[in-house]
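Read through the structure below, which is laid out as C-alpha cells, and then see the notes.
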There are 2 protein chains.
Amino acid sequence: MSDRRERLARLDRLMGRLKEHGLRMTPQRAAILRALVMDPNHPSVETLHRRLVADYPNMSLATVYKTMNLLKELGEVRELEFSSRDNRFDGFIPQPHPHLICTRCGRIIDPDVPELKDLIENLVHATGFDVQSHRLDFYGLCPSCLKKD
Amino acid sequence: MSDRRERLARLDRLMGRLKEHGLRMTPQRAAILRALVMDPNHPSVETLHRRLVADYPNMSLATVYKTMNLLKELGEVRELEFSSRDNRFDGFIPQPHPHLICTRCGRIIDPDVPELKDLIENLVHATGFDVQSHRLDFYGLCPSCLKKD
DNA sequence: TCTCTGAAGAAAATTATTATCATTTTTTTT
DNA sequence: AAAAAAAATGATAATAATTTTCTTCAGAGA
C-alpha cells in the first residue's frame, strides 16, 4: 500500500479510461495525467500548467484545460468551484448555513440540519483545524420537480 | 411576526449599518437594499439589477455590484459562489466528499465525516428532496497555521 | 446655501475559461 | 511503407462576469 504504487495505479486507470473512449494518449496528455496523479494537493489548472511548462516548454494552457475537461466528463475528476460566476446571495442570513439546491429548477431552500453542530465539533476534534465557517450545499431534485418525472 | 415586518426591520438594520460606517444613503442604495430585502429567494446581481432597472432605468450594474460588495464587507450578506474562477480539482476522489480548507495557507484536506450518511438520510426525509450530490467545504485554520499565531 | 467628499454611471480593463483554426501528430487504410 | 483520415496541439481570439477608472453629480454637515 505504498503511496507511489497507488498513484501509479490511478495513472493506469486514467490512461485506460481515455483509451476506452477512443482518445489518444499523447505525450502532453500523459504528462498532464502524471502531474495530476502525483500532485498531493488539489491543484488548479494554472498550478498544473506552471509545473508542466518546466518540462514541456510549449505545453499550452488550453491543452491542460481540455484534458481536465475530458477527465471531468469521464467522471474521473471533480471540480471544486470557487469564486464568482453568476453568484447568488443570502440576503437574510449572513451566517453560514446549509442549502438544498434543486438542480432542475434552481430553487434554493435553507433546511434545518440539527446534526451540524455536533458534526463540526467532531471535525475540530479529529483534525485539529479551527473550523470557522463553511459552505454546505446539497444538490438534488425538489419535490415539485420530482413529481414532473 | 409578519413576514413584511421582518423584512422592513432587516431593511432598517442594513441602512443603519451603512450609516454607522459613514456611507451615504442614496436613492440607488436604498432601492438596492429594498430589492434585496424583499427578494424571497437567493438573487444574483444580475437578477437584482434586472428588477431595479424597471423602476430606475439608469441603475448601473456596477452600482449593484459595488453595493453588494459593501454589504459583503459588512458581513450582512453572504455570497454563494458557483462555477468557475481559479478552480481546483480533486484528482483522486471524484465522488463528492467534504473538504477542510485552510483560509490562510490554502491547504485542502479530505476529512472523514462518518455522520454524513445519516445526515443526508434525515435531510431527504425532512424535505422531500432527492439529494443526489453535495458540496461540503469547511473553512478554518489548519493546525500548522494555528501554531504560527 | 456652500463646500467637499463620497457615489453614480459609462466605458475600459481584467481575468478565468472556452472557442477557433491552422499546423502537427497519431492512427488507419491502402 | 506511404498516403489518407482523424484527432490533438498550441497560439490567439472570443466570451462573459466582475472590477476599475474617471468624470460628473449629489448628499450632508458647516
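All figures in this text were calculated on a predicted structure; none of them were measured in a lab. First the proteins, then the strands, lettered A, B, ... as listed; each starts at 1.
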Identify, with sequence neighbours excluded, every residue that meets salt bridge (Lys or Arg N to Asp or Glu O under 4.0 Å) alongside A:Arg17.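 Once residues adjacent in sequence are excluded, the partners of A:Arg17 under the salt bridge (Lys or Arg N to Asp or Glu O under 4.0 Å) criterion are A:Glu20, A:Glu76.
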
From [atom1] of [X] over to [atom2] of [N], roughly how many Å is that when rounded to an integer?
X       : N      : atom1 : atom2 : answer
A:Leu70 : C:dA19 : CG    : C1'   : 15 Å
A:Asn58 : C:dT23 : CG    : P     : 17 Å
A:Asn69 : C:dT18 : CG    : C1'   : 9 Å
A:His49 : D:dT9  : NE2   : P     : 12 Å
A:Lys72 : C:dA16 : NZ    : C1'   : 12 Å
B:Leu61 : C:dG9  : CG    : P     : 11 Å
B:Met59 : C:dA7  : CE    : P     : 14 Å
A:Met68 : C:dA16 : CE    : P     : 17 Å

Counting only side-chain N and O atoms of [X], is one of them less than 4.0 Å from OP1 or OP2 of [N]?
X       : N      : result
A:Tyr65 : C:dT17 : yes
B:Arg29 : C:dG6  : no
A:Gln28 : D:dG10 : yes

Sequence neighbours excluded, which residues qualify as side-chain contact (heavy atoms from CB on, under 4.5 Å) partners of [X]?
X        : value
A:Thr26  : A:Arg24, A:Gln28, A:Arg29
A:Leu146 : A:Leu141, A:Asp149, B:Asp130
A:Ile120 : A:Leu116, A:Val124, A:Val131, A:His134, B:Phe138

Base C:dG6 paired with B:Lys66 side chain (donor-acceptor, <3.5 Å):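 Between C:dG6 and B:Lys66, which were checked side chain against base, a qualifying N/O pair under 3.5 Å is absent.
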
Watson-Crick or G-U wobble mate for C:dT30, both contacts under 3.5 Å: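 Answer to the pairing question: D:dA1, which forms a Watson-Crick or G-U pair with C:dT30.
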
Is it true that a side-chain atom of B:Arg7 and a backbone atom of B:Val37 form a donor plus acceptor pair closer than 3.5 Å?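 Yes; judged by distance alone, with no hydrogens or angles, the pair exists.
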
Once side-chain hydrogen bond (donor to acceptor under 3.5 Å, both in side chains) is applied, what residue pairs with a partner in residues 54-65 of chain A remain, sequence neighbours excluded?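 Qualifying pairs, neighbours excluded: A:Arg34-A:Tyr56.
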
Using nucleotides 24-28 of chain D, report all nitrogen or oxygen pairs with the protein that are shorter than 3.5 Å.
from, atom 1, to, atom 2, distance (Å)
D:dG27, N2, B:Arg24, NH2, 3.3

Is the number of heavy atoms from other residues, nucleotides or ligands within 6.0 Å of CG (A:Asp12) greater than 12?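 Yes.
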
Among the candidates C:dT18, C:dT17, C:dG9, find the nucleotide nearest to the side-chain atoms of B:Thr63.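 The listed nucleotide nearest to B:Thr63's side chain is C:dG9.
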
Comparing B:Ala62 and B:Leu23 on DNA chain C - which has the more 5′ nearest nucleotide: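 Whichever sits nearer the 5' end wins; that is B:Leu23.
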
